[in-house]
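Keep in mind the model is a prediction, meaning the values are calculated, not measured.
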Amino acid sequence: MSKDSIISNGVMLNAYPDSIGEKLSDTIRMLKMPEFKDVFSLFYVLPTFFNSDLDRGFSIIDYDINKELVAEDDLKALEDLNIQLKFDIVLNHLSVVSPQFKDLLKNGDQSKYKDFFINWNSFWEGNGIMGDDGIIIPKKEFLDKLFMRKSGLPILKVPFPNGSTQPYWNTFYQKINDDNTFLGQMDVNAKSELVWEFYEETLQKVKRFGCKILRLDAFAYLHKEIGQSNFFNKPGTWQYLERIKQIADKKDLTLLPEIHAEYGMHLHDEVANEGYQIYDFFLPGLTIHTIENSNSKALIKWAKEIISKGYKTVNMLGCHDGIPVLDLKGKSVNGYYNKGLLEDEEIEAIMNIIMERGGRVKNLYDPEGNKISYYQVNATFFSALGEDEQKLLLARAIQMFMPGIPQVWYLDIFAGRNDYEAADAGGSAGHKEINRSTLSIQDVQNALKRDVVRKQLEIIRLRNTSKAFSGTIRINETSEKEIDIKWINQNQVAHLTANLKTCDFTINYIEGEVTKTL
């Protein structure tokens, strides 16, 4: 029996350990409520499950359980609820407070972990010019190729025991305090065998915690080579991915590589063709486009592509991050322009309407700090839809009838609104906090009285329990103002029909030999 066959085909909850209440045990308390019976079969627990210090969990100190939020008993409770777990391994980086980087800071060139991380100057030696600040500036032909996640060079300068200050590769976040203390997500050097020993130990740990699916966060940045973009370098990224897969196979873990790139690059296609599950980062924007324009053409085209190419997807509407928009774009590759799922003006329209409704935007920059592209828009999915309850219900119905495993952000279930106070207080990554409000158990109980919450749970429960969704999907031809999707598995049927002009929809399904309607 393959790993894929033992992964549930049901619905996946997505939350931090403390998204509900104060600890993971509070989320478990929620899942034991009668209203949540049979609603979820999987749970993607975000990485504050582990010890971490920055970027809300994605700056890992170590992969031991964060005892402030999680207890061993919680894992047994989730197992008793028949809920399978998905975790992250952040392949590209570790915290400056990780044991490995602390050893480097303490022992400098004598550290066992001297080559575990990437000294920027050592990497670029002979391929750039040393600046007055002691940092090598790569040659222009190399610098122009680099894919940047933030403005300026991706480095953090750290003190060595000999009194020198050394620049280390830091693709993502850093935080430097007034007293010169600092935090940062430090890129690891995958050319070091110690890094691969660390990966092996980590996969063994998450397996022991009950992991079934392992999300590979930021894997496309791991392989670095002079003269390449250092985002999904080829063939190096494939070689690293195959090596991590060999470790995962030994531990019966299913890998889910996380990658954001323009549809026109067709990286999602390449990853899927290698047999991996892929994230459907296209669905959030396509769903908003479909509902706001009362036009299903782009959405249905994408659904048919998933089906025809046999993609194994995990899809979503909201998530811990933003609503992806870069992913929908076209891209010039080798002199040819590959179209996106939407035209640029259609993507801009999505962004504008979400921002008019209070969303925040995240962009990408070149080394000089110039914006080169938009990346994502941050908002709750409910607020992105103008806080229209019928639109949210339609969006949820569409998600549940799309092919793939549906992943549901906890806040969307409760029709959460943009949290501007948290976003404003969140610093450089504050735009993400707009969609991460913590709910108390009392908030949950109050929300369960609302129709928009109860109806979502009914739709999700149907998707989680009906055997129809393990069968064949049929997309019936309709006008672009409608959606008609039917799932059939022998005598089990689930059928969605929707009017995009009114946002009204009907779900008919056969349970046993009885036809029912949601």
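- Figure legend: cation-pi geometry between Arg56 and Tyr16, with NZ or CZ positioned under 6.0 Å from the six-membered ring centre and within 45° of its axis.
- Counting only N and O atoms by type, the side chains of Asp504 and Asn499 include no donor and acceptor under 3.5 Å apart.
- Remark: aromatic rings of Phe116 and Phe101 are distant, center separation not under 6.0 Å.
- Looking at Glu201 and Arg208, no side-chain N of the basic residue comes within less than 4.0 Å of a carboxylate O on the acidic one, giving no salt bridge.
- Across Ile354 and Ala379, no two heavy atoms sit closer than the pair CG2-CB, 3.8 Å.
- Note: Gln185 CD to Lys175 NZ = 12.5 Å, rounded to the nearest 0.5 Å.
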(message) For a side-chain contact (heavy atoms from CB on, under 4.5 Å) check, start with the C-alpha distance between Leu31 and Ile83, then their side-chain angles and the critical distance, and finish with the verdict.
(response) CA-CA 10 Å; Leu31 292 171; Ile83 291 180; 3.8 Å; yes

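- Checked options Tyr44, Phe58, Phe43, Phe87; the residue passing with Phe49 is Phe87 (criterion: ring pair (Phe, Tyr, Trp, His ring centres under 6.0 Å)).
- Checking side-chain atoms of Gln376 against main-chain N and O of Val325 turns up no donor-acceptor pair under 3.5 Å.
- For the pair Lys516 and Tyr509, the NZ or CZ position fails the cation-pi test of under 6.0 Å to the six-membered ring centre and within 45 degrees of the ring normal.
- For Asp53 and Ser95, the side-chain atoms include at least one donor-acceptor pair closer than 3.5 Å.
- Nearest heavy-atom pair across Phe219 and Pro257 is CE2-CB, 3.3 Å.
- Among all heavy-atom pairs drawn from Gly404 and Pro406, the shortest one is O-CD, 3.4 Å.
- The pair Glu387-Arg357 does not meet the salt-bridge criterion, since no charged nitrogen lies less than 4.0 angstrom from a carboxylate oxygen.
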(request) Let me see the working for Asn476 and Ile485 under side-chain contact (heavy atoms from CB on, under 4.5 Å), right down to the final yes or no. (result) CA-CA 6 Å; Asn476 297 317; Ile485 302 176; over 6 Å; no

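- Between the Thr478 side chain and the Glu482 main chain, a donor and an acceptor come within less than 3.5 Å of each other.
- Between Ile488 and Gln492 the shortest side-chain heavy-atom distance does not fall below 4.5 Å.
- Side-chain atoms of Asn378 and Ile323, non-hydrogen and from C-beta on, never get closer than 4.5 Å to each other.
- Gln456 places a side-chain N or O within donor-acceptor distance of the main-chain N or O of Asp412, the cut-off being under 3.5 Å.
- The only member of Asp73, Leu78, Asp80 that meets side-chain contact (heavy atoms from CB on, under 4.5 Å) when paired with Ile28 is Leu78.
- By the 4.5 Å heavy-atom criterion applied to side chains, Phe50 and Asp64 are not counted as neighbours.
- Between the side chains of Tyr311 and Asp280, no donor-acceptor pair is found at a separation under 3.5 Å.
- At a threshold of 4.5 Å between non-hydrogen side-chain atoms, the residues Val45 and Leu85 count as touching.
- For residues 435-454, the pairs satisfying salt bridge (charged side-chain N to carboxylate O under 4.0 Å, His left out) are Glu389-Arg450, Glu433-Arg436, Asp451-Arg454, with sequence neighbours left out.
- For Asn489 and Ser470, the side-chain atoms include no donor-acceptor pair closer than 3.5 Å.
- A distance of 10.5 Å separates CG of Asn435 from CZ of Phe381, quoted to the nearest 0.5 Å.
- Here SG of Cys211 is found 11.0 Å from CG of Asp252. Values are rounded to the nearest 0.5 Å.
- Between the side chain of Lys312 and the backbone N or O of Gly275, at least one donor-acceptor pair lies under 3.5 Å.
- A donor-acceptor pair under 3.5 Å links the side-chain atoms of Thr313 to the main chain of Pro403, judged by distance alone.
- The CE atom of Met402 sits 7.5 Å away from atom CG of Leu286, with the distance rounded to the nearest 0.5 Å.
- Ring to ring, Trp409 and Phe382 are not that close: their centroids are 6.0 angstrom or more apart.
- Remark: side-chain polar atoms of Asn464 are not paired, donor with acceptor, to backbone N or O of Ile460 under 3.5 angstrom.
- Shown here is Gln490, whose CD atom has no more than 12 heavy atoms of other residues, nucleotides or ligands within 6.0 Å.
- At most 12 heavy atoms of other shown residues, nucleotides or ligands fall within 6.0 angstrom of atom CD in Glu421.
- Judged by distance alone, the side chains of Arg396 and Gln399 do bring a donor and an acceptor atom under 3.5 Å apart.
- Counting heavy atoms from C-beta outward, Leu385 and Ile288 have side chains that approach closer than 4.5 Å.
- Cation-pi geometry between Arg474 and Trp487 is not satisfied (NZ or CZ under 6.0 Å from the ring centre, within 45° of the ring normal).
- Under 3.5 Å, the side chains of Lys150 and Asn170 contain a donor-acceptor pair of N or O atoms.
- Side-chain atoms of Thr287 come within 3.5 Å of backbone N or O of Leu283 as a donor-acceptor pair.
- Separating the NE2 atom in His320 from the CD atom in Gln407 is a distance of 9.0 Å, to the nearest 0.5 Å.
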(message) Checking Ile20 against Arg29 for the side-chain contact (heavy atoms from CB on, under 4.5 Å) test, could you report, in this order, the C-alpha distance in whole Å, the side-chain angles of both residues, the deciding distance, and whether it holds?
(response) CA-CA 9 Å; Ile20 306 296; Arg29 180 181 168 190; over 6 Å; no

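- Rounding to the nearest 0.5 Å places NE2 of His431 at 7.0 Å from CG of Asp321.
- Few gaps surround NZ on Lys309; more than 12 heavy atoms of other groups in view lie less than 6.0 Å from it.
- Side chain of Asp74 to backbone of Val70: no donor-acceptor contact under 3.5 angstrom is found.
- Annotation: side chain of Val206 is in contact with side chain of Leu253 (closest heavy-atom distance under 4.5 Å).
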(request) Decide side-chain contact (heavy atoms from CB on, under 4.5 Å) for Tyr276 and Lys245; before the verdict, give the C-alpha distance in whole Å, the side-chain angles of both, and the deciding distance to 0.1 Å. (result) CA-CA 10 Å; Tyr276 294 97; Lys245 183 177 183 296; 3.2 Å; yes

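- Here the side chains of Thr380 and Asp419 are not in contact, with every heavy-atom distance at 4.5 Å or above.
- The environment of Lys205 atom NZ is dense: over 12 non-hydrogen atoms of other residues, nucleotides or ligands sit within 6.0 angstrom.
- Ring geometry for Phe282 against Trp302 counts as perpendicular: the plane angle is over 60°, on a 0 to 90° scale with 30° as the lower cut.
- Closest of all the heavy-atom pairs between Met30 and Phe36 is O-CD1, 3.5 Å.
- In this model, a donor atom of one side chain and an acceptor atom of the other lie less than 3.5 Å apart for Tyr221 and Arg149.
- His495 and Asp484 form a side-chain donor-acceptor contact under 3.5 Å, judged by distance and modelled atom types alone.
- Heavy-atom neighbours of Glu22 CD from other residues, nucleotides or ligands within 6.0 Å: at or below the threshold of 12.
- A side-chain donor-acceptor contact under 3.5 Å links Asn66 to the backbone of Glu68.
- A tilted orientation is assigned to the rings of His93 and Phe172, their planes being inclined by 30° to 60°.
- Asp26 places no side-chain N or O within 3.5 Å of a backbone atom of Asp18 that could act as its donor or acceptor partner.
- Contact annotation: the side chain of Phe232 approaches that of Val271 to within less than 4.5 Å [non-hydrogen atoms, C-beta and beyond].
- Here Asp88 pairs with Arg215 in a salt bridge; the nearest charged N to carboxylate O distance falls below 4.0 Å.
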